[in-house]
Amino acid sequence: MTETVSMDIRSRALELREIINRGNYRYYILDDPELSDAEYDRLMKELISLERQWPDLASPVSPTQRIGAPPGATFDTLNHSLPMLSLDNAFDPGDVMDFDRRVKKLLKAVDPIYYTAEPKLDGVAVEMVYRNGVLEAATTRGDGITGEVVTANVRTIRTVPLVLQTDLQAPELLEVRGEVFISREGFKRLNQDRLGEGLPLFANPRNAAAGSLRQLDSRITALRPLEVFCYGIGRAAGIDFSSQGEILEGLKNFGFRVNPLIQYRIPIDQVLAYYRQLEQDRDQLPYDIDGMVIKVDDLALQDILGVTSRSPRWAVAYKFKALQETTQVLNIEVQVGRTGSLTPVAHLEPVNVGGVTVSRATLHNEDEIRRKDIRIGDFVLVQRAGDVIPEIVKVIDSKRTGTEEPFSMPSACPVCGSRVVREKDEAAIRCINAACPAQVKERIRHFCGKGRFDIEGLGEKLVDQLVDAGLLKSYADIFGLTRQTLENLNRMGPKSAGNIMGAIEKSKDIRFSKFLFALGIRHVGEHAGGILSRRYASVEALSSASAGELESIEGIGPVVAASIADFFSNEDNRTLLARMAAAGVRIFQEERGSTRGILDSKTFVITGTLENQSRSEAKKRIEAAGGKVSSAVSGSTDYLVCGDSPGSKFAKAKELGISILDEKALMELLAGGK
Ligand code: IVH
């Protein structure tokens, strides 16, 4: 007898599908997960079991039909030959002293125990397997037993040697463990690019690193500024170490990056002193750390201490206090971005979080507010990490009085009153009016900014003033501004007006790639701008390219291609371009292919530390002479420029028989001596 599905069950199944689909989107597309893995698995299990029990519910569009297989594919999995354990936490000096006492007691030791003290990076743990010196596989930590195979992605990380650097025979097996991360600077640049390309931003460097490492297309990973610090090993054969210090030194010699701040072989009181120092220096470091890892140095002692099912008894993580404080949400305001997206922002009672006053926090979108149930008047826990915009972690429920007001996104644009829409598969709500003053202001600001027209003096406030006064309706209007108009504005002296007119005039000569970036075409940032400018001789040529043609260009996907074609087919945009040309904007081309420099399109790779110049200076010199500098050694590399402590590129270049130059030889070559 078949029972009919009750309404309750049907609606639960629908709800589960929606939650899982949204979770998938956040995880795979936005790289900004909102569900924990455990939660995701639990929901999926519940849905599978409902669909099994009530076959009526089955549907080809249910997420159960593609478990873990979003469009594209998934990663293979691999068991770690030794589990990748986690660490017990210590939160204060007392916990650390307890750890030291426990170690001594278990070892029946009377003499002091020596430790290594290592910054604990906040990234993603990976294991790299080298067989006979060659990188064979790389995996994520996964659940500690089984990891995902991300070899192609890890290969793109510049600081991972593909071949161990050694003059002797490489060990038969070496499993190297480390933390993959993105620096604060790299994170900032990545998000700036994404902003330029109209893509969702990463919440913090850790999410950006995790998302980049778990890209199914390793060509995308290759564009992300991933770095790695190695801190340990798994199994090894054909090589022996007797201490953690020796392991770290050995890894350095093999060409791995090991954190230079690590303290070797120190007693516990110095470990505590080092922690205080690290906590002070933390904000100045170029990457995020969330504490310190303390490890018994001597491997024989580590062996005696052994491991529990979860963590080793010979190590402990001493975590920093989280940069979190409690404060109140005074209001929630909605901002309108360049592409019309509406972003809710919480105004907070100003509060000092680890030395920085926080008075605003981004709320991302409506789903986020719902999920955390944030209301105006709520007391909330705010968190700050590195340079990242502060976030609300959660509402302090116990402080609710019942007078808090729930917030919902407006159904019309708060600036121009136009209709707003929520696009399919997007968390963002957009104002559809391209002439919305908020959008116009943001587009003009983007246009004037660094890396685009770079018009000094035409800052945020002035753009606001000019748009509000109806003097700027589009970026093309900038070139019609007169000195008189500027002088008539409030608080603008003749000198400033003159300077701005000068800056506008100067900006009219612009590189093609910057011009394209400035236009604010959705999905076209600095990177895509560069690709297009190398491919097309002029704006006219680009504007008549079809989406199909654009899509055939390496590095331009279908979404970007459609967006470009869309932009140029729009009559208003064509008028803007014509007006800019008429106003005297002159676009110049970057050198395309054929250069007449002394290095004549030769391809260089630079590795190691140069004595008399930075790598970027050397790069500029090479490019000025017509050469190209690429980041990875390949068959098409002509020269490897090699400084002190070169990375794995040296081995690779030798393997491929590529000419290797020292700094002196490079300078001779540049001087035309060869
Ligand atoms: S040692 C058994 N050293 O912290 C030893 N871990 O909770 C375990 N981490 O999954 C790892 N920096 O992702 C170790 N210098 C360091 C570390 C470090 C960051 C991370 C790693 C690990 C987690 C342990």
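Note: hydrogens, waters and symmetry copies are ignored here, and every other heavy atom, side chains too, is used. Every number for a ligand or one of its atoms is a count from 1 in the order of the listing.
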ask   = Can a non-hydrogen atom of Gly232 be found less than 4.0 Å from any atom of ligand 1?
value = no
task = Would you confirm whether Glu172, through its side chain, and Gly238, through its main-chain N or O, come within 3.5 Å as a donor-acceptor pair?
result = no
query = Given that the side chain starts at C-beta and the backbone is N, CA, C, O, which of these parts of Arg177 lies under 4.0 Å from ligand 1, counting heavy atoms, or is it both or neither?
reply = neither
note = Heavy-atom proximity to atom 17 (C) of ligand 1 ranks first, among Tyr231, Phe229, Phe181, for Tyr231
key: Protein heavy-atom partner closest to atom 15 (N) of ligand 1 - residue, atom, separation in Å   = Glu118 OE1, 2.7 Å
Residue and atom name of the nearest protein heavy atom (relative to atom 12 (N) of ligand 1), distance in Å to one decimal = Leu121 N, 3.4 Å
request  = Measure the distance from atom 5 (C) of ligand 1 to every protein heavy atom, then report the residue, atom name and distance (to 0.1 Å) of the closest one.
outcome  = Leu87 CD2, 3.9 Å
message = Could you tell me, atom by atom, which parts of ligand 1 come under 4.0 Å of a heavy atom of Arg141?
response = 10 (O)
task = Fit a plane to each ring of Phe99 and Tyr115, take the angle between them on a 0 to 90° scale, and name the class: parallel (under 30°), tilted (30 to 60°) or perpendicular (over 60°).
result = tilted
ask   = Okay, side chain of Asn191, backbone of Phe202: is any donor-acceptor separation there less than 3.5 Å?
value = yes
request  = Run the contact test for Pro119 against ligand 1 with a 4.0 Å cut-off on heavy atoms, strictly below, and give the result.
outcome  = yes
inquiry  = Treating Glu663 as the side-chain partner and Glu611 as the backbone partner, does any N or O pair qualify as donor plus acceptor under 3.5 Å?
reply    = yes
query = Which heavy atom of the protein is the closest neighbour of atom 13 (O) of ligand 1, given with residue, atom name and distance?
reply = Glu179 OE1, 2.5 Å
query = Is there a donor-acceptor pair under 3.5 Å between the side chain of Asn365 and the backbone N or O of Asp367?
reply = yes
query = For atom 2 (C) of ligand 1, what is the nearest protein heavy atom, given as residue, atom name and distance?
reply = Pro312 CG, 3.4 Å
query = What do we get for Val293 next to ligand 1 when only non-hydrogen atoms under 4.0 Å count, side chain, backbone, both or neither?
reply = side chain
query = Do ligand 1 and Lys295 have nitrogen or oxygen atoms that lie under 3.5 Å from each other?
reply = yes
message = As a quick check of understanding, evaluate ring-ring contact (aromatic ring centres under 6.0 Å, His included) for Tyr130 and Phe254, giving each step before the final call.
response = CA-CA 11 Å; Tyr130 289 82; Phe254 279 133; 8.4 Å; no
request  = Flag yes if more than 12 heavy atoms outside Glu18 fall under 6.0 Å of its CD atom; otherwise flag no.
outcome  = no
request  = Kindly assign one of parallel, tilted or perpendicular to the pair Tyr275 and Phe320, based on the angle between their ring planes and the thresholds 30° and 60°.
outcome  = tilted
